[in-house]
Visitor: 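I'd like to ask some things about the structure below.
Each chain gets a letter, A, B and so on, in the order the sequences are listed, and its residues count up from 1. Source: prediction; values computed, not measured.
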Amino acid sequence: MVYDFRNIEKKWQKYWRDNKTFKADSNSEKPKYYVLDMFPYPSGSGLHVGHPLGYIASDIVSRFKRSKGFNVLHPMGFDSFGLPAEQYAVKTGQHPKKTTEENVVRFKNQLHKLGLSFDWDREIKTSDSSYYRWTQWIFLKLYNSYYDHGLNKAQPIEKLKIPTNLNENEIESFIDSKRLVYVDTIDVNWCEELGTVLANEEVIGGLSERGGFPVIKRPMKQWVMRITDYADRLLDDLIELDWPESIKLSQKNWIGKSEGAEIKFSINNDFIDVFTTRPDTIFGATYLVLAPEHPLINNITTDKYRKSIIEYVEQASKKSDLERQENEKNKTGVFTGSYALNPISNEKIPVWISDYVLFSYGTGAIMAVPAHDERDNEFAKKFNLKIIKVIDGGNKDECYTGNGPIINCGEYDGIDNIKFKSIVVEKLESKNKGTKTTNYKLRDWIFTRQRYWGEPIPIIYDGNKKKALEFDDLPLELPEVESYLPTNDGLSPLARNNDWVNISINGKNYLRETNTMPQWAGSCWYFLRFIDPDNNNEFANKDLIRYWMPVDLYIGGAEHAVLHLLYARFWHKVLFDLDYVNTCEPFKKLINQGMILGNSAFAHRIKNTNNFISFDMIKDEKTQKIHVDISFVDEKNRLNIERLKQNNPEFKDVNFLKGESFYVSRDIEKMSKSKFNVINPDQICDKYGADTLRMYEMFLGPIEQAKPWNTSGISGVKNFLNKFWRLFYKGNGWAVTDRKANKSELKILHETIKKITNDVENFSFNTCVSSLMICVNELTRLDCRSYEILSPLTILLSPFAPHLAEEIWEHLGNKKSIINEPFPISNPSYLIEETKNYPVSFNGKLRFTIFLSLNLEIEEIKKAIMEDERTLVFLNGLEPKRWIIIPNKIINIVF
RNA sequence: GCUCGGAUGGUGGAAUUGGUAGACACGUUGGACUUAAAAUCCAAUGACCAUUGCGGUCGUGCGGGUUCAAGUCCCGCUCCGAGUACCA
């Protein structure tokens, strides 16, 4: 009887579905455990082998925790609003809802095949109006709240104290200026191609994150969320989180809190405000630099320099951030012709403009201290500006950024520079020339998109007057439109539906807000909806939230290190302040799975020709790498030209210059449909089975590490599962016996229990697989068929290969699913092993180091040594004077 | 440029975080079983030298250092990957 994974997997997937085996119970006496995956965007290309990596890991933890007696919530849903569906709709006219639903069905089928233990009764789609009704509701909660800096929390807008001397319009704009969501006219990243505005965070190197289209600055009215009010709390609360340090660090850097001072430099009758973190170096400030966007530039530029300034400003405005960065080595800038007054040293210093100063950070102007700042130093050297050293340290002509005593500052010389910081700030404050300030890199979150496929914003307008919709008006459903393109003047496609835009309430006419929310909105709170997905009266019941929150384990890709994780934390804190949730942080433990990379294949095209050349024949030819589908390439990197031409018409008229075969080159890259390197899990499932795929993905390497996909080792995992099966079946017969297990069999079992328990708790799934392999190899060698061993072993296997484990469990005579069977506990009495002894050195005193091959408690080590004969031979009547014991490692015994 | 990671056999990766480097798996080679193949099992497999036998030397990207002991810690490099907003 062979292990028939096809029927077994089908059988148990049906069983789990029919019996709702993984249904989470909210009225349980057991301790709870909430395991969450970052839910996927249901893209058109379906699931690839990289997606399940995190899902398999979280599934192992879920099954393990169930087995350990926890009440586990392990839900799944779809982040189903998003740009690709809309772009597809623009292209084909198909309603995004239709394509999204088709994709969801496909994703679900693929996920089901993997045997993941999701509670599908809790499935969420962010584009369902029953879901986004509550996204809109949270939006209104933010709209109707303000941040009370005294209480350091958000408060309902009714509690806001309004100054008494205001008229009606002023009251309104005062309230608006305090709301957590407000409208502002700002220079935004306008992407012509997408017809939409992107958040700063979504622009990468001057191009849109999705699609890679150019982005330019353009002023526009936008809804903005006041996330900056939460900067301090978002920063401070990071400390307690059990997250990877690298992710915490990137959030910290993103928030970018820095203490410093704003200093006023007088110029003509005006002044330039600069922000600096180094007020202690003010005597070394030999010039000022303004960002090219700075509004004062026009006023202070003298006629002599006006032409070059105008040229420079124009050039800078065309440059993308990426180009500004590329010019790193060769700084540019021009002199304005004006001089400003250093408020401390009273020196006249020149004012320059340069694009190495960013308008969006600080005040958009800096005081340059070339002696103590690398960038200023480079700039000063290039333009022959004065360099004055004011802190002692470093080599003579080098830029020194460290600390030390003050020099070249007259009466202040000798003072420690850190102390000098506060002296300077005090002096500036007394002269009204500056203040101590804290600056953040974090900027408010631009929340509107000129898109169709998103949540409509529940606001209506009476002229310029805004009116929020009432709770009863929600959900505000997405209207139908004729075309999914934005209007020519940049309005959302929703503006095309006049019947929807114009509404009348109690005989009064209003216009609707036509913008929609960004894709992040739905994912900011979905983990709360999973707790109570069908609730029509609340976004989730408070008692249920109290029971299930926080999320105990959150697994997802590192690409969400900042944006999603920061936005979700922000909304959660608002809901916490308004007393809707009971935890101030949503995610207790975070694991980032590494990307699974694909092995792309490239054919080489000779530049500016239609000739492709075999990789082994390239000599001096300049070539361009073109992706070809990896399914047309064999393991020796030979391309099947016929099949390529059949499937990709663009290669139809191409010449292939080749010897015996046409060779391609290979490269490791991110797995993506556009790179033709996608491996689909369905293929692997069909060929090897879900259990093999699950174990193999875990066996590939540490969960957090990026790794290329290759299937060369998959047969090892398949062999392991077959071996496992053969422990129970010999030939065609059931081989399990009632024989008592012997000592060595028990030792193998209990060692494995200990290793697996430890490794699952430390998320080291690759070593779990190894441990199971070793265990099965040894039991096979011993021909162990004892029920006493094989029954607990099946439970050990069940988180990793659940289908096989269930099947065997049933054959062992159990009527119920293995899912809630208690996880075996290792018995340390089976673990004591012989000790190995190595004399290490004679160092005045006789000294032995005793290595122990197992982790034991100190007392156990002592006991083992005293009882073991070979150890006693070493001790040989000598009474140890001193034990140097490092737990679990070594014992040095000094005589 | 900056920040954070990483580098271990032919390959993916282990190494209880300072204690026998290379677990486990793939691949390769040889053998058993078979008419044959598949499957399965057994053996070998870091490199070099020695091989009639014990064995020896070198080995965790490179160069130093600390230590009885370094893949692991410290200092200085090289290369690769990821992120990035020149953050003053």
Side-chain angles (χ1 to χ4, degrees), chain A residues 2 200-201 203-205 244-247 249-250 252-254 256-258 260 274-279 281 285 289 321-322 324-329 331 354-358 360-369 372-376 378-379 401 439-443 558-559 561-562 594-595 597 668 670 695-696 699-702 704-717 719-720 722-723 726 754-755 758-759 762 764 766-775 777 780-781 836 838-843 847 849-855 886-892:
Chain A
V2 288
N200 291 323
E201 294 90 329
V203 181
I204 291 171
E245 283 307 314
S246 59
I247 300 288
L249 195 65
S250 44
K252 187 177 170 231
N253 290 341
W254 191 268
K257 182 177 184 172
S258 54
V274 309
F275 174 73
T276 180
T277 53
R278 297 292 304 272
T281 60
V289 187
D321 282 357
L322 186 70
R324 280 194 182 192
Q325 275 178 47
E326 275 174 352
N327 234 354
E328 174 64 25
K329 278 274 150 117
K331 289 199 163 41
S354 171
D355 61 10
Y356 84 92
V357 173
L358 300 182
S360 52
Y361 182 75
T363 57
I366 61 157
M367 61 174 212
V369 186
H372 304 288
D373 182 285
E374 301 276 0
R375 294 169 307 253
D376 298 343
E378 257 176 61
F379 192 82
T401 54
N439 219 325
Y440 300 91
K441 288 191 242 172
L442 184 71
R443 281 168 242 152
E559 66 271 23
V562 186
M595 208 181 282
L597 305 165
I668 305 291
K670 185 176 169 170
M695 292 199 86
Y696 184 60
F699 187 63
L700 265 178
E704 300 195 77
Q705 183 180 306
K707 46 208 166 263
W709 176 256
N710 82 59
T711 48
S712 65
I714 204 164
S715 61
V717 172
N719 287 344
F720 160 75
N722 281 326
K723 267 189 200 171
R726 285 199 305 271
K754 186 169 184 181
K755 276 197 231 159
N758 263 335
D759 288 348
N762 291 316
S764 175
N766 53 331
T767 51
C768 286
V769 180
S770 295
S771 302
L772 284 167
M773 285 176 174
I774 294 168
C775 177
N777 281 345
T780 303
R781 212 164 289 141
K836 290 182 183 174
Y838 298 89
V840 164
S841 68
F842 183 77
N843 213 6
R847 191 160 143 179
T849 300
I850 300 183
F851 294 79
L852 293 172
S853 53
L854 282 170
N855 303 340
I886 305 164
N888 297 340
K889 275 177 215 155
I890 337 159
I891 306 171
N892 289 345

Visitor: Could you measure between the two C1' atoms, the one in B/C58 and the one in B/A21, and give it in whole Å?
Guide: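 Nearest-Å result for B/C58 against B/A21 at atom C1': 14 Å.
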Visitor: Would you list the protein and nucleotides 10-13 of chain B atom pairs, both N or O, that sit under 3.5 Å from each other?
Guide:
from	atom 1	to	atom 2	distance (Å)
B/G12	O2'	A/Leu700	O	2.8
B/G13	OP1	A/Gln705	NE2	2.7

Visitor: Among B/C26, B/A88, B/A14, which nucleotide has an atom closest to any side-chain atom of A/Val357?
Guide: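 For the A/Val357 side chain, the nearest candidate turns out to be B/A88.
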Visitor: Considering only atom P, compute the distance from B/U8 to B/G61 and round it to an integer number of Å.
Guide: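 After rounding to an integer number of Å, I get 6 Å for this pair.
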Visitor: Does a nitrogen or oxygen in the side chain of A/Asn253 sit under 4.0 Å from OP1 or OP2 of B/G83?
Guide: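 So the side chain of A/Asn253 is outside the cut-off, no N or O lying under 4.0 Å from OP1 or OP2 of B/G83.
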Visitor: Ignoring hydrogens, what is the shortest heavy-atom contact between A/Val274 and A/Thr363? Give both atom names and the distance.
Guide: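 Result for this residue pair: CA-OG1, 3.3 Å.
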Visitor: Rounded to whole angstroms, how far apart are CD1 on A/Ile247 and C1' on B/U84?
Guide: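 Distance, rounded to whole Å: 14 Å.
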Visitor: I want to confirm an ordering. Mapping A/Leu249 and A/Tyr440 to their closest nucleotides on RNA chain B, which one lands closer to the 5' end?
Guide: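 Here A/Leu249 is the residue nearer the 5' end.
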Visitor: Reckon A/Arg726 has a side-chain N or O less than 4.0 Å from the OP1 or OP2 of B/A39?
Guide: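 Answer is no, no contact under 4.0 Å.
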Visitor: Taking OH from A/Tyr356 and P from B/G1, how many angstroms apart are they, rounded to a whole number?
Guide: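 Rounded to the whole Å, the gap is 18 Å.
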Visitor: Closest-nucleotide mapping onto RNA chain B: is A/Ser764 or A/Gly716 further toward the 5' terminus? I mean the 5' end.
Guide: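 It is A/Ser764, whose closest nucleotide lies nearer the 5' terminus.
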Visitor: I'd like the C1' distance from B/A15 over to B/U60, given in whole Å.
Guide: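 The answer is 11 Å between these two C1' atoms.
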Visitor: Hey, what do you get for NZ (A/Lys441) to CG (A/Asn253), rounding to the nearest 0.5 Å?
Guide: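 A/Lys441 NZ to A/Asn253 CG: 5.0 Å, rounded to 0.5 Å.
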Visitor: Between B/C74 and B/U66, how far apart are the two P atoms, rounded to whole Å?
Guide: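 15 Å, rounded to whole Å.
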Visitor: Rounded to whole angstrom, note down the C1' distance from B/A70 over to B/C2.
Guide: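 Those two atoms are separated by 31 Å.
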Visitor: Are A/Lys755 and A/Leu772 side-chain neighbours, meaning at least one heavy-atom pair lies under 4.5 Å?
Guide: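 Result no, sub-4.5 Å side-chain heavy-atom pair not found.
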Visitor: Between atom CG in A/Asn719 and atom C1' in B/C41, what is the gap in whole Å?
Guide: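 From A/Asn719 CG to B/C41 C1': 12 Å.
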Visitor: If you take all heavy atoms of A/Asp376 and A/Met367, which pair is closest and at what distance?
Guide: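 Looking at all heavy atoms of both residues, the closest pair is OD2-O, 4.1 Å.
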Visitor: Is there a Watson-Crick or G-U wobble partner for B/U3 with both distances under 3.5 Å, and if so, which one is it?
Guide: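 Pairing partner, where one exists within any strand: B/A82.
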Visitor: So which heavy atom on A/Val289 is nearest to which on A/Tyr356, and how close?
Guide: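 Looks like CG2-OH, 3.8 Å.
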Visitor: So A/Lys755, base contact, sugar-phosphate only, or nothing? Heavy-atom distance under 4.0 Å.
Guide: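 Result for A/Lys755 = nothing.
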Visitor: Between atom NZ in A/Lys441 and atom P in B/U3, what is the gap in whole Å?
Guide: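 Result: 11 Å.
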Visitor: Give a yes/no on whether any side-chain N or O of A/Asn777 is located under 4.0 angstrom from OP1 or OP2 of B/A25.
Guide: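 For A/Asn777, the contact criterion (side-chain N or O under 4.0 Å from OP1 or OP2 of B/A25) is met.
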Visitor: Using a heavy-atom cut-off of 4.0 Å across all strands, would you classify A/Asn439 as base, sugar-phosphate, or nothing?
Guide: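 Since no nucleic acid heavy atom lies under 4.0 Å of A/Asn439, the category is nothing.
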Visitor: Rounding to a whole Å, what distance do you find between A/Leu772:CG and B/A23:P?
Guide: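 Atom CG in A/Leu772 sits about 18 Å away from atom P in B/A23.
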Visitor: Send over the distance from A/Met695 CE to B/C26 P, rounded to a whole Å.
Guide: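 Atom CE in A/Met695 sits about 13 Å away from atom P in B/C26.
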Visitor: Of all the choices, B/A88, B/C86, B/C26, which nucleotide is nearest to the side chain of A/Thr276 once you look at every atom?
Guide: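 Between B/A88, B/C86, B/C26, the one nearest the side chain of A/Thr276 would be B/A88.
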Visitor: For B/A21, give its Watson-Crick or G-U wobble partner with both distances under 3.5 Å, or none.
Guide: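 Base-paired to nothing in any strand shown.
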Visitor: What is the distance, rounded to the nearest whole Å, between atom CG of A/Asn758 and atom P of B/A15?
Guide: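 Result: 12 Å.
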Visitor: Does B/A43 pair with anything, Watson-Crick or G-U wobble, both distances under 3.5 Å, and if so, with which nucleotide?
Guide: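 Partner of B/A43: B/U29.
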Visitor: Only pairs with both distances under 3.5 Å count, Watson-Crick or wobble alike; so what is the partner of B/C48 in this structure?
Guide: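 Looking at the geometry, B/C48 pairs with B/G56.
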Visitor: Nearest-Å distance, CG (A/Asp759) to P (B/U16)?
Guide: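 Those two atoms, CG and P, are 11 Å apart.
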Visitor: Please confirm whether the backbone N or O of A/Asn777 pairs with a side-chain atom of A/Lys723, one donor and one acceptor, at under 3.5 Å?
Guide: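 Judged by distance alone, no pair lies under 3.5 Å.
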Visitor: Could you measure between the two C1' atoms, the one in B/A25 and the one in B/G1, and give it in whole Å?
Guide: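 The answer is 42 Å between these two C1' atoms.
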Visitor: Could you tell me whether B/G10 is syn or anti, where syn means a glycosidic angle within 90 degrees of zero?
Guide: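 This nucleotide is in anti.
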Visitor: What closest approach, in Å, do A/Ser712 and A/Tyr696 show between heavy atoms, and which atom pair accounts for it?
Guide: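 Answer, listing the atom of A/Ser712 first, then A/Tyr696: N-OH, 4.1 Å.
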Visitor: Across the strands shown, which category fits A/Ile774 at heavy-atom distances under 4.0 angstrom: base, sugar-phosphate, nothing?
Guide: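 Answer is sugar-phosphate: A/Ile774 comes under 4.0 Å of backbone atoms only.
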Visitor: Under a 3.5 Å limit for both distances, which nucleotide forms a Watson-Crick or G-U wobble pair with B/G71, could you say?
Guide: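 Paired with B/G71, as far as the under-3.5 Å criterion goes, is no nucleotide at all.
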Visitor: Have a look at A/Asn722 and say if it touches a base, only the backbone sugar-phosphate, or nothing, with a 4.0 Å heavy-atom cut-off.
Guide: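 Touches nothing.
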Visitor: Please report the closest heavy-atom contact between A/Arg278 and A/His372, naming both atoms and the distance.
Guide: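 Result for this residue pair: NH1-O, 4.5 Å.
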Visitor: For B/G10 versus B/A47, give the span between their C1' atoms, rounded off to a whole number of Å.
Guide: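 Their C1' atoms lie roughly 13 Å apart.
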Visitor: If you measure from the P atom in B/U45 to the same atom in B/U34, how many Å do you get, rounded?
Guide: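 Roughly 28 Å separates the two P atoms.
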Visitor: Checking one value: the base orientation of B/U17, syn if chi is within 90 degrees of 0, otherwise anti.
Guide: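 Judged by the O4'-C1' to base torsion, B/U17 sits in syn, the angle falling within 90° of 0.
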Visitor: Which atom pair, heavy atoms only, marks the closest approach of A/Phe699 to A/Ser770?
Guide: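 Scanning both residues, the minimum pair turns out to be CE1-OG, 3.6 Å.
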Visitor: Across the strands shown, which category fits A/Ser771 at heavy-atom distances under 4.0 angstrom: base, sugar-phosphate, nothing?
Guide: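 Touches nothing.
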